[in-house]
Undergrad: 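Dumping the structure here so I can ask a few things about it.
This one's a predicted model, so the numbers in the text were calculated from it and none came from an experiment. All chains are named by letter (A, B, ...) in the order of the sequence lines, taking the proteins before the strands, and each is independently numbered beginning at 1.
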2 protein chains.
Amino acid sequence: MNINQFAIAPTNLADEKKELQQIQFIRQSDLQLDPHRLLRHLLQQSFPEVTSNEAADSKIANLLAAPQLDALSLTQIGGAIQPLHLDNLILQLLGFQIGSDFQIDAPEKLAAHVNLPKFDHAALTNDDLVHAWYQLLITHTTTGQTFLDQLAGRGYFHRRPDLPKPLFFNGKAQPVFDTTQLIHEVVYVESSQDTDHDGMRDLLKAEITRPAESNQQPVPVLYTASPYNQGTNDAEGEALTHNVNVPLTEKPVTSDTLSHREPKPAKIPDPRVINTRTQQADESFGNTFDYSLNDYFLARGFAVVYAAGIGTKESDGLRTTGDPEETTSTTAIIEWLTGKRTAFTNRTSNTAIEATWSNHQVAMTGRSYLGTLATAAATTGVDGLKTIICEAGISSWYDYYRENGLVIAPGGFPGEDADVLAEETFSRQQQAGDYSRIQSKWQAQLSAINDGQDRTTGNYNDFWDARNYRKNAKKIKADVMIVHGLNDWNVKPRNAEKLWRAISNLPINHKIILHQGPHIYINNFRSLDFTDMVNLWLSHELYNLDNHAETILPDVLIQDNATAENWQAYPDWGAATNQRTRYHLTANSLSTDNLSQDTVQFADQLTDLAFQKYAKDNRQWQQDLVKAASPMEGHRQLFAAPAQTDELILDGCPVLHLSVASDQPIGLISAELVDLGHFKRLNPLPTTLARQAMALGYHFRKEDLREYEIAKKETAYQLISKAHLNLQNRTSLTQVDPITPHQSYPVTLELQPTHYRLTAGHQLGLVVYATDFGMTVRGNQNITYTLSLADSCLELPHL
Amino acid sequence: MNINQFAIAPTNLADEKKELQQIQFIRQSDLQLDPHRLLRHLLQQSFPEVTSNEAADSKIANLLAAPQLDALSLTQIGGAIQPLHLDNLILQLLGFQIGSDFQIDAPEKLAAHVNLPKFDHAALTNDDLVHAWYQLLITHTTTGQTFLDQLAGRGYFHRRPDLPKPLFFNGKAQPVFDTTQLIHEVVYVESSQDTDHDGMRDLLKAEITRPAESNQQPVPVLYTASPYNQGTNDAEGEALTHNVNVPLTEKPVTSDTLSHREPKPAKIPDPRVINTRTQQADESFGNTFDYSLNDYFLARGFAVVYAAGIGTKESDGLRTTGDPEETTSTTAIIEWLTGKRTAFTNRTSNTAIEATWSNHQVAMTGRSYLGTLATAAATTGVDGLKTIICEAGISSWYDYYRENGLVIAPGGFPGEDADVLAEETFSRQQQAGDYSRIQSKWQAQLSAINDGQDRTTGNYNDFWDARNYRKNAKKIKADVMIVHGLNDWNVKPRNAEKLWRAISNLPINHKIILHQGPHIYINNFRSLDFTDMVNLWLSHELYNLDNHAETILPDVLIQDNATAENWQAYPDWGAATNQRTRYHLTANSLSTDNLSQDTVQFADQLTDLAFQKYAKDNRQWQQDLVKAASPMEGHRQLFAAPAQTDELILDGCPVLHLSVASDQPIGLISAELVDLGHFKRLNPLPTTLARQAMALGYHFRKEDLREYEIAKKETAYQLISKAHLNLQNRTSLTQVDPITPHQSYPVTLELQPTHYRLTAGHQLGLVVYATDFGMTVRGNQNITYTLSLADSCLELPHL
């Protein structure tokens, strides 16, 4: 078991003593006890579930300090307290098992792998004990939380209601707020927009959960903008999903796909006249879907606000899938949270209500569309938004639904598009009364989105340009923490990488964490203290705690793909200064030495039978695409490098240069970079190690403990990266050129950014093909492609 | 969407009015309002999250009563309130969507499928409205709970703290208890046993969660005996797991495998002397793994108690895997809960504490080992145990680890046995101090279990006889509700069926629910109101509510295998009065007409390569076993009936009569009954429809909504039932005969009980074979079996 902690704040003994007193773990007078009595006190404090000495002694006697010596006896019989004793006790308190995890006579072997101090003297002093216990409290147990968090879950803070709130320990907010007394409120924020053109400013529903203590002392806010939060129209979205078994068509030639016209500013109705003001909400809410990372912070003195935005149930407006109007509706909530905008208690009485409980410091959180809107909000530079934790967010919607002049589906969702997502999230539809009044406007809006997204050309047009948040990256004032999966083929890593590049030189703090998962959350992995990192970060950002989060947290943290439970810090990701190795393409192989003068061909069209099979079973297609002898032979070109003798750490965007001809006036090129060879690799999804194992407070929400494990079976390959390009867009994204059949054109494909450790024995593979059954349109057209190998090469950035 | 409700108590209008007033949904005076005002009141009550009239009106206006007529307008403009209006409003309140679920101008098509009253007059009266709303409150929404439960999750009862507690509606306890003020306590019950022979009676840790209101008014108890509850030793259990790649060996001949010796009664030390008495526990507990069915009842005025029993962490004693000592430790907790036994606040101070908060009415709950111990406790006839809800419980451990003289693994766990499970659950081992004092006794105990379980013969000996709870079935006084999966190959259905038979004629109430799942919980299925059924049952059993639960709930409820969301009530399961059809075995087929004089053979031994493959991949073996042309050809005999022209509903235990010879002095016979044919069948596991969708109280625990769906892909077959038998046990379970090679013996295999609807087009299949890669030992021995078909037949019980 490897536990990686990056959120530990360095301390000195004096501060450790002070902090331990602040949380009432020791009193000043305890420091004067003899070491054996101090040890007993520390042990007793480590069992917060008991109140009597007898009960505590039973617990202490169940710990073993040495063979034949239990901890209670150690505190009673005198004699030196040795490092061995301490190591044994602390490892047991952390949940490690004697026998299976470590040996009682040699705990130091395991202790060296966790955050435990080493002592080189035989008899430990009070200072040693206090220092060791401080470190114990901030060290992760075997169930994915610090020992102090575990004590909190066992009642430590619950028994000490008189502690100050908020309370920080080792730079992180502690769960001292009363989660049994949370306040749940709904307000309707009046936005400066009228997207449903009813002559009234849009009202936006927001759901607030906050500690009752915020009535006395304002608290910061975690705000999650989630269009899914009020329900989704899954069947309706499914019904709108586009047929992808359609041909690629020739696009009109143009030197610029953008109009460069500024959109007309919309006329905004006057704000509502405020009738009265109140501090009492008149709507609450019940059971909702909650994100456990947000819940964790409720116990620690943060409020949590969810808002679904324009066009969702009980809000006004229309869904737009990421345009500036949606961004405006997203920041409106922040403006109310920071005292700059009006909200009402309900939709009709014009009774204004202020967020008096907010300290005006806001962070945005959430994954996928939620993280996307955090990015959108940050690019407005809205005041009061101190930081965003953007997990798997989209930074330009073109990079989600399109690529290099092609319609490209998010992995797993062929035929999805901006209109489908708009329909799915237009939850106003779920209220028949409301929907009956808005239905015709909504159908017009859907039709406009369908026009704007333009599935015919796949061009980067005004519609997509309006949905590219990176254009406004320079306006970002909020600190940014990006989290993204290197195997996320839904929101592809390019979204994170291009945002990362765009903010690299801004005067903000920015961090990025790259994991080996697909489109998932990572706040319950055993091997990483992600939640602590966010705590350190938000305690700093929102409570202005001077905890050095900005320097303690690594700028770039990447989960290793080749071994389990291995997270490494790096100075950058995909840095321009990376080395680059060039591989030539020769018949069937990638070579750094040999150049081939061959041309090779592949035909895109499959038999009807094969086409139908792959269209139904994308997984089978993906396997056959990479397999050496497979039905895909002749329909793709596979190039394999020799097996690695040394390891190679790819880092950044691989670039593929091809000289390619199509025998038709149309064409598309796809490429996959793969790791070949039969090996046991990380599973594609984390394993649930223990259900409900993590406590987010005292008898409050719980979370499962998960971890990436090495698979029990070998796999034949692992996808590293991929790219797609319309040959008509070979010059640029915004230029559409004609294709002369049989004429070779130089094209450059920038593959999705990666960080991949190719260890010895593994083989780098490149597949060049056309139709991607999981992502492109599938016309099954009679097109043959010719590659001139001499003018083709693969450039790999690496460490 | 099909929602089946079996827990609705029939009512009359007078009672409905009374109950609606009891929960403060209406006042007497509301009944005098004109219908439009009453309707508005009922609608307003259906939005408990709002407190102002304006906010309520906005909600009401979002419901549509008819095309172009929203609900608010309906209550304002006068005119008749029509059945169409009411149907539309109620369907929307239940969560159904206009368009995708029903049409606004024809709601009656859907309304007929849910629990809605039909009215044949045009203008609805106050009585109609009140009746309809009562029915609405007890009807399931689209998210798997009654509308009243959903209102509770949205704050209905939270806003009415002055309601009486407990509070029943339609015969079921309502969530009126304050889940923010739950009390968590630990006590140590002193049992009348000393299983670790330390001269002191065993102390057993119990964890209590109870509403604070129980300090004023005692409440009933849901008690779950869970040996897993204090942690498990997974690695240690894994290490003990037996090698199953061992030969079947010849067993010594015996006419009786049982000794018929009564075990010596153990000497029991005197009870501890009580020092003092208290009502205040001195230990609490924090985060634990909780079962959502138990949690649901906390809000409804029930306490929940977990105890792990002898040999678990912080209890005394040794694990035994199901012997009478474990039963004694299980019932000891009940005796304390009913005032007949001492418990202490901790392990050393001898401070006694009584369960003053218990009303002495106890139910046991839980699945698998937990349900097993519920059965064990019931067979003692212990006072105060009013009922058990036994989910997937073992009723005789021989039926879990053995079958007909063979070692048979629970499905998915080859090599597991009683000693492995004992080691896995011996969580005292997790506390090194405690373990160091008990280690040698534990090793001796493990060795004794290993001897007793006797993997060499697989015989039904004294060890297994002591672990057969059904021997004491006649002592059962508690009412019994059995829940079992018809596809549970871990705890096989025989455990449920033989218990069901054993209690059929006892003077107790007994119910059985059979679902199509494997070894799973069913309390969050959308298609069944299982939780309501348990509520009706426990309100009756533990609160003595005269709600007719015993007659309202069907005696036998079975989920259909051929269609989704279809649950049917039956008078019995596997009744002796079922019809029986006899199928003859002919070459490759099952026939009701033709008799074959052939003999057929199969050889058990596989090539080394095939053996290794199947040993590693049991799933592949299972597929090949049933496949027509497969590598298993020659290693099994496959008989298939003609495709069904009519449907056939199997019900009970199929019986296979074979005349079989082995060419060795050893032999085993296995058989599988399968449903053949490429069809879309139910998925093997339920789908999660919506995460966190069900509220178990107000901002309390949540549960995912799940349902069995028909698979999107066809499968080639479905396993219906199976059986295994050692040819040396052909006469009886307790008699071991010799085998003369090549001599034919008549043998009878009773297959696992089933209930299976074989619809037209499906084919019944029978596979006869020897080694079962998932369950038997796998000696890969050179044994050839010969079947005389003329003397072989399959007897199928059916409706």
Undergrad: Select, from Gln431(B), Gln92(B), Met694(B), Lys616(B), the one with the greatest count of heavy-atom pairs under 4.5 Å involving chain A.
TA: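 Heavy-atom pair counts peak at Gln431(B).
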Undergrad: Select one option (side chain, backbone, both, neither) describing which atoms of Gln430(B) are under 4.5 Å from chain A's heavy atoms.
TA: both
Undergrad: Looking only at heavy atoms, what is the nearest atom pair of Thr51(B) and Ala281(A), with distance?
TA: OG1-O, 4.5 Å
Undergrad: With chain A as the partner, which of Leu182(B), Asp57(B), Asp290(B) has the greatest number of non-hydrogen pairs under 4.5 Å?
TA: Asp290(B)
Undergrad: Could you look at Asp178(A) and say if it's the side chain, the backbone, both or neither that has a heavy atom under 4.5 Å from chain B?
TA: neither
Undergrad: A quick test of your reading: do over 12 heavy atoms of other residues, nucleotides or ligands sit less than 6.0 Å from CD of Glu238(A)?
TA: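 Not more than 12 within 6.0 Å, no.
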Undergrad: Is it the side chain or the backbone of His158(A) that comes within 4.5 Å of chain B heavy atoms, both, or neither?
TA: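 For His158(A), neither part sits under 4.5 Å from chain B.
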Undergrad: Need one label for Glu314(A): side chain, backbone, both or neither, based on atoms under 4.5 Å from any heavy atom in chain B.
TA: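 Just the side chain, heavy atoms under 4.5 Å.
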Undergrad: With respect to chain A, which residue among Arg428(B), Arg691(B), Gln181(B) yields the maximal number of heavy-atom pairs within a distance under 4.5 Å?
TA: Arg691(B)
Undergrad: Shortest non-hydrogen contact from Phe285(A) to Tyr698(B)?
TA: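 In this case the closest contact between Phe285(A) and Tyr698(B) is O-OH, 3.8 Å.
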Undergrad: Out of Lys702(A), Gln150(A), Gln145(A), which one pairs with Asn287(B) under the side chain to side chain contact (heavy atoms under 4.5 Å, CB included) rule?
TA: Lys702(A)
Undergrad: In terms of heavy-atom pairs under 4.5 Å with chain A, which of Leu64(B), Asn233(B), Leu63(B) leads?
TA: Leu64(B)
Undergrad: Nearest heavy-atom pair of Gln97(A) and Gln429(B): which atoms, and what distance?
TA: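 Closest approach of Gln97(A) to Gln429(B), heavy atoms only: OE1-O, 4.0 Å.
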Undergrad: Counting C-beta onward and ignoring hydrogens, is there a side-chain heavy-atom pair between His184(A) and Glu49(B) closer than 4.5 Å?
TA: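 His184(A) does not reach Glu49(B) side chain to side chain.
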Undergrad: Tell me the closest heavy-atom pair linking Phe289(B) and Gln692(A), and the distance in Å.
TA: CA-OE1, 3.4 Å
Undergrad: Take atom CD in Glu714(B); do more than 12 heavy atoms of anything else shown fall under 6.0 Å from it?
TA: yes
Undergrad: Let's test your reading of the structure: which of Asp282(A), Thr345(A), Leu69(A) forms the most heavy-atom pairs below 4.5 Å with chain B?
TA: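 Between Asp282(A), Thr345(A), Leu69(A), the count favours Asp282(A).
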Undergrad: Could you tell me whether a side-chain N or O of Ser349(A) sits under 3.5 Å from a main-chain N or O of Glu54(B), the two making a donor and an acceptor?
TA: no
Undergrad: Please classify the contact between Tyr188(A) and chain B as side chain, backbone, both or neither, with a heavy-atom cut-off of under 4.5 Å.
TA: side chain
Undergrad: With a 3.5 Å cut-off and no angle check, do the side chains of Arg347(A) and Asn62(B) form a donor-acceptor pair?
TA: no
Undergrad: Which heavy atom of Gly286(B) sits nearest a heavy atom of His699(A), and at what distance?
TA: O-CE1, 3.2 Å
Undergrad: Between OG1 of Thr288(B) and CZ of Arg154(A), what distance do you get to the nearest 0.5 Å?
TA: 12.5 Å
Undergrad: Could you tell me which portion of Asp101(A) (side chain, backbone, both or neither) has an atom closer than 4.5 angstrom to a non-hydrogen atom of chain B?
TA: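 For Asp101(A), neither part sits under 4.5 Å from chain B.
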Undergrad: Given a strict heavy-atom distance threshold of 4.5 Å, which part of Gln68(A) is in contact with chain B: side chain, backbone, both, or neither?
TA: neither
Undergrad: Using non-hydrogen atoms and a 4.5 Å limit, figure out which bit of Ala693(A) sits close to chain B: side chain, backbone, both or neither.
TA: backbone
Undergrad: Testing the basics here: between Asn346(B) and Ser52(A), what is the closest heavy-atom pair and its distance to 0.1 Å?
TA: ND2-OG, 3.5 Å
Undergrad: In terms of heavy-atom proximity below 4.5 Å to chain A, should Lys712(B) be classed as side chain, backbone, both, or neither?
TA: neither
Undergrad: Which one of Pro48(A), Gly697(A), Ala690(A), Gly433(A) has the most heavy-atom pairs closer than 4.5 Å to chain B?
TA: Gly433(A)
Undergrad: Name the region of Arg437(A), side chain, backbone, both or neither, that has any atom closer than 4.5 Å to a heavy atom of chain B.
TA: side chain
Undergrad: Select one option (side chain, backbone, both, neither) describing which atoms of Ser436(A) are under 4.5 Å from chain B's heavy atoms.
TA: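 Just the side chain, heavy atoms under 4.5 Å.
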Undergrad: Which atoms of Ser58(A) are under 4.5 Å from chain B, going by heavy atoms: the side chain, the backbone, both sets, or neither?
TA: side chain
Undergrad: Among the options Ala61(A), Gly155(A), Ser100(A), pick out the one with the most heavy-atom pairs lying under 4.5 Å from chain B.
TA: Ala61(A)
